[in-house]
Every structure is written in C-alpha cells, then in structure tokens.
Engineer: 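Sharing a structure below in structure tokens format, with a few things to ask.
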Amino acid sequence: MTQFSLDALDLAALLSSRVCHDVISPVGAIVNGLEVMEDKDMDAEMRSHALALIKSSAGEASARLQFCRLAFGAAGSKGASIDTGDAELVTRQLLADERTQLNWSVPRALMSKNKVKLLLNLCLMADATIPRGGVISVSSSGDEENVSFKIEAKGTNARLAATIPALLAGETEEGSLDARAIQPYYAGLVAKACGLDVTVAAEPELVTIEAKPAAVSAASQEPQSAVA
C-alpha cells in the first residue's frame, strides 16, 4: 500500500463527482417522467404512473442532496456545530425504503461539524455493505470531547470491500483515486481532523464500523499482561 495525498482541487473535484453520481439517477428519472407527460396520446393511467415517478424521484434527489450537504458540505462557518437530530433526519430520508431499517441511538445534541460529518460518512459506508438491505444500527458513547461512534450493518451477504481499511488510512494500491473510492478516503481525512481512529470488522451478515478517540484506540490495541 502507498500513502496517498490529494491536493485541494483534486479532492474537491472527486467529491463533486461523487455527489453528481448520487443524484444523476433520480434527476434522470424526473426527466423521463416529464417526457412521458408531454405525450398528448397518453392515457390517464400512464399519466398517473408518470406523476408518481416524478414525485418519488424528486423526493429521492432532495434526500440525497440534503444528506450530501451535511456529509460533504461546509454546513456553516468554521467551528460551527450541527444538531445530531438533523443528522438523523437526513439519514432517515436517505434510507427511506422498504429494504433498510435504521435504528438511531445517538442522543440529540449540538456536536462539532466534523464529527457529525464523520458520523454521516460512516453511515454511508455502512449502507454500501448491505446492497440487499437490512438493519443499520447507529450509536454513540462519551461526551462531545471524547465521543465514540459505532455503526453496525446487518443483512444478507453483508460485505466490506477489501480496499476500505486502506482508504480510511489514506492508502491506495495504485497510487490514485477515483470517484468511487473518494468517500471512504474522505471519511478517513475527517476522522483524522477529529482526532478519531476508524476501525472496520466483518463477519457473516454483519459489518461493524467504529470511530474512537485516537488515544483510546491505541490503548485498546496494547497487549494485556496475564495475571495469575
């Protein structure tokens, strides 16, 4: 693995590409629905289907944009705090389908912007591990200064991409990144800015992602002496 560093312009470009990738599908569906509506020979049933497509796709696009605004955007001035209730809302909107259930156990409070951004990015990573749907459980412990996050994703064929741990650590195999890999890499950058270490673990039908203060994470990895 090679330690990798992006300049600000490349990071911004790749994040922009990622956001565009997330919204292009529902926006394209809206366009298709409008084209169908323009057909003068369309019957009432087809018009109803087209309207339903436009409505659901607009809601999906809005949900994705609101989530990205908090997860990737500035979301206020430097040093600003974000309400974790807002983080829960945008996450529920993003995962609002019949396949995925969200259990949110993070107390509502004002939290530093970067820590909320990290939490949202970890939720996004967790969702990607259960493409067939399942249950995502989000919890936190500790106070604002020493907060830890834990996200568990349970689902059929839950799978963690082999590149994720390296990307979180700022490393790549090929010495380059594309829009598909930028999100976990960015999550690692945000975690570092927060003074948190992110660890991931996978077992059959369960992926666990944790973020802990760096000092706590290092201490937990120290070998314990045996006591007779």
Side-chain angles (χ1 to χ4, degrees), residues 3-6 11 15 66-95 101-130 135-154 158 160 164-171 182-203 206-227:
Q3 196 70 29
F4 186 74
S5 179
L6 280 176
L11 178 62
L15 285 176
Q66 289 184 58
F67 183 91
C68 289
R69 175 178 172 271
L70 288 186
F72 303 129
S77 60
K78 183 177 181 181
S81 296
I82 298 176
D83 191 328
T84 56
D86 292 338
E88 177 184 2
L89 176 62
V90 297
T91 304
R92 289 196 180 281
Q93 290 175 337
L94 183 73
L95 303 179
Q101 174 185 334
L102 176 65
N103 295 329
W104 187 276
S105 300
V106 178
R108 183 160 192 171
L110 289 176
M111 189 176 291
S112 65
K113 175 179 64 178
N114 279 344
K115 289 178 180 177
V116 174
K117 288 160 70 74
L118 174 62
L119 176 60
L120 293 176
N121 274 273
L122 298 185
C123 289
L124 198 58
M125 289 171 51
D127 183 48
T129 68
I130 48 172
V135 179
I136 296 178
S137 300
V138 184
S139 60
S140 67
S141 59
D143 56 21
E144 157 69 10
E145 294 300 319
N146 297 287
V147 70
S148 295
F149 300 122
K150 183 176 183 180
I151 297 92
E152 292 182 324
K154 299 180 181 179
L160 183 73
I164 295 298
L167 289 169
L168 286 167
E171 301 174 347
I182 192 60
Q183 192 270 322
Y185 176 85
Y186 176 72
L189 293 179
V190 179
K192 185 176 181 180
C194 296
L196 299 175
D197 283 341
V198 179
T199 58
V200 294
E203 54 188 276
L206 174 65
V207 171
T208 303
I209 305 172
E210 294 186 272
K212 298 180 179 180
V216 174
S217 179
S220 66
Q221 295 176 5
E222 291 180 359
Q224 301 296 316
S225 60
V227 178

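Note that this is a predicted model, so its numbers are computed, not measured. Numbers for residues simply follow the sequence, beginning at 1.
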Engineer: In chain order, what residues pass the side-chain contact (heavy atoms from CB on, under 4.5 Å) check against D127, with sequence neighbours excluded?
Structural biologist: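 Counting only residues at least two positions away or on another chain, D127 forms a side-chain contact (heavy atoms from CB on, under 4.5 Å) with L95, T100, I136.
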
Engineer: Tell me, please, which residues at least two apart from S105 pass side-chain contact (heavy atoms from CB on, under 4.5 Å).
Structural biologist: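 By the side-chain contact (heavy atoms from CB on, under 4.5 Å) rule, S105 matches S139.
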
Engineer: If the condition is side-chain hydrogen bond (donor to acceptor under 3.5 Å, both in side chains), which residues does E88 pass it with, not counting sequence neighbours?
Structural biologist: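 Result, side-chain hydrogen bond (donor to acceptor under 3.5 Å, both in side chains) vs E88: R92.
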
Engineer: To the closest 0.5 Å, what do you measure between NZ (K154) and OG1 (T129)?
Structural biologist: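 So the gap between those two atoms works out to 12.5 Å.
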
Engineer: Of all residues at least two apart in sequence or in a different chain, which pass the salt bridge (Lys or Arg N to Asp or Glu O under 4.0 Å) check with D86?
Structural biologist: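 With sequence neighbours excluded, D86 shows a salt bridge (Lys or Arg N to Asp or Glu O under 4.0 Å) to no residue whatsoever.
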
Engineer: If you look at every heavy atom in V116 and A87, which pair is closest and at what distance?
Structural biologist: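 That would be CG1-CB, 3.8 Å.
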
Engineer: Evaluate I182 against L6 for side-chain contact (heavy atoms from CB on, under 4.5 Å), listing each step before the verdict.
Structural biologist: CA-CA 10 Å; I182 192 60; L6 280 176; 3.7 Å; yes

Engineer: Can you tell me how far the CD1 atom of I82 sits from the NZ atom of K115, to the nearest 0.5 Å?
Structural biologist: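 Rounded to the nearest 0.5 Å, the CD1-NZ separation comes to 13.0 Å.
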
Engineer: Would you find a donor on one side and an acceptor on the other, under 3.5 Å apart, between the side chain of K212 and the backbone of T199?
Structural biologist: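 Checking the backbone N and O of T199 against the side chain of K212, no donor-acceptor pair under 3.5 Å is found.
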
Engineer: With a 4.5 Å heavy-atom cut-off, do V138 and T91 have their side chains touching?
Structural biologist: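 A side-chain contact is absent here, since even the closest heavy-atom pair is not under 4.5 Å.
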
Engineer: State, yes or no, whether a side-chain contact exists between F149 and C123 at a heavy-atom distance under 4.5 Å.
Structural biologist: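 F149 does not reach C123 side chain to side chain.
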
Engineer: Would you say that V135 contacts I130 through its side chain, given a criterion of any heavy-atom pair below 4.5 Å between the two side chains?
Structural biologist: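 A side-chain contact is absent here, since even the closest heavy-atom pair is not under 4.5 Å.
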
Engineer: Would a 4.5 Å heavy-atom cut-off, applied to side chains only, mark L120 and L124 as touching?
Structural biologist: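 When only atoms from C-beta onward are counted, L124 and L120 do not touch, as no gap falls below 4.5 Å.
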
Engineer: Which heavy atom of L118 sits nearest to which heavy atom of A211, and what is that distance?
Structural biologist: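 Heavy atoms only, the tightest pair is CD2-CB, 4.1 Å.
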
Engineer: For the CG atom of L122 and the CD atom of E210, what is their distance to the nearest 0.5 Å?
Structural biologist: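 Between L122 CG and E210 CD, I get 10.5 Å after rounding to 0.5 Å.
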
Engineer: Roughly how far, to the nearest 0.5 Å, is the OG atom of S137 from the CD atom of Q101?
Structural biologist: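 Between atom CD of Q101 and atom OG of S137 there are 7.5 Å.
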
Engineer: Start with the C-alpha distance between L119 and M111, add both sets of side-chain angles, then the distance that settles side-chain contact (heavy atoms from CB on, under 4.5 Å), and finish with yes or no.
Structural biologist: CA-CA 11 Å; L119 176 60; M111 189 176 291; 5.8 Å; no

Engineer: Okay, side chain of T84, backbone of P107: is any donor-acceptor separation there less than 3.5 Å?
Structural biologist: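 Present.
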
Engineer: Which residues pass the side-chain contact (heavy atoms from CB on, under 4.5 Å) test with C68, sequence neighbours left out?
Structural biologist: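 With sequence neighbours excluded, C68 shows a side-chain contact (heavy atoms from CB on, under 4.5 Å) to V19, D22, F72, given in chain and number order.
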
Engineer: Could I get the full list of salt bridge (Lys or Arg N to Asp or Glu O under 4.0 Å) partners for K150, not counting sequence neighbours?
Structural biologist: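 Partners of K150 under the salt bridge (Lys or Arg N to Asp or Glu O under 4.0 Å) test: E152.
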
Engineer: Only counting residues at least two apart or in another chain, list the ones meeting side-chain hydrogen bond (donor to acceptor under 3.5 Å, both in side chains) with Y186.
Structural biologist: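 side-chain hydrogen bond (donor to acceptor under 3.5 Å, both in side chains) check on Y186 returns K117.
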
Engineer: Determine the minimum heavy-atom distance between P213 and L196, stating which atoms define it.
Structural biologist: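 In this case the closest contact between P213 and L196 is N-CD2, 3.3 Å.
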
Engineer: S148 side chain to S141 main-chain N or O, any donor-acceptor pair under 3.5 Å?
Structural biologist: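 Not confirmed, S148 side chain does not pair with S141 backbone.
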
Engineer: If I compare all heavy atoms of R108 with all of G85, which pair ends up nearest, and what's the gap?
Structural biologist: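 Taking R108 first and G85 second, the nearest heavy atoms are NE-CA, 3.7 Å.
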
Engineer: What closest approach, in Å, do N146 and D143 show between heavy atoms, and which atom pair accounts for it?
Structural biologist: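 It is N-OD1, 2.9 Å.
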
Engineer: Could you pull out all residues at least two apart from Q93 that satisfy side-chain contact (heavy atoms from CB on, under 4.5 Å)?
Structural biologist: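 side-chain contact (heavy atoms from CB on, under 4.5 Å) list for Q93, sorted by chain: A63, Q66, L89, V90.
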
Engineer: Taking all atoms of both residues into account, what is the closest heavy-atom pair of A71 and N121, and its distance?
Structural biologist: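 Closest heavy-atom pair between A71 and N121: O-ND2, 3.0 Å.
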
